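Here the structure is laid out as structure tokens; the discussion comes afterwards.
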Amino acid sequence: MEAPGIWLWAQENKIYACMMVFFLSNMIENQCMSTGAFEITLNDVPVWSKLQSGHLPSMQQLMQILENEMKLSAHMDSLPHRRA
């Protein structure tokens, strides 16, 4: 299978490609930040909302939140299901 043209171009122009990725990611980040909306969901369950909290989570907070949610989900899956 042949490599995509963009990959070959990036390999030949590494510095320019890195600068483009940096500027494009900053542009996307700024656009997301300017809207005020930043939501994180795990298995269709909201775990973080910038609109509710007023700030973005740090990487450590984000990892802790996701870890807690995954533990809770695993615990809930292990409970026997009761019929009503």
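Just so we're clear, the structure is a prediction, and the values are computed from it rather than from any experiment.
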Please tabulate, one pair per line, all N/O donor-acceptor pairs under 3.5 Å involving side-chain atoms of residues 56-68, not counting sequence neighbours.
residue, atom, partner, partner atom, Å
S58, OG, Q61, N, 3.2
Q61, OE1, S58, N, 2.8
Q64, NE2, N68, OD1, 3.0
E67, OE2, K71, NZ, 3.2
N68, ND2, Q64, O, 3.4

Could you list the cluster mates of I15? Members are the ILVMFWY residues connected by side-chain heavy atoms closer than 4.5 Å, either directly or through other members. M19, F22, F23

Using side-chain heavy atoms (C-beta onward) and a distance below 4.5 Å, is L24 in contact with M27? yes

Do Y16 and L8 share a hydrophobic cluster (ILVMFWY, side-chain heavy atoms under 4.5 Å, transitive)? no

Report the distance from atom CD1 of I6 to atom CE of M20, rounding to the nearest 0.5 Å. 6.0 Å

What do you reckon, is CH2 of W7 surrounded by more than 12 foreign heavy atoms closer than 6.0 Å? no

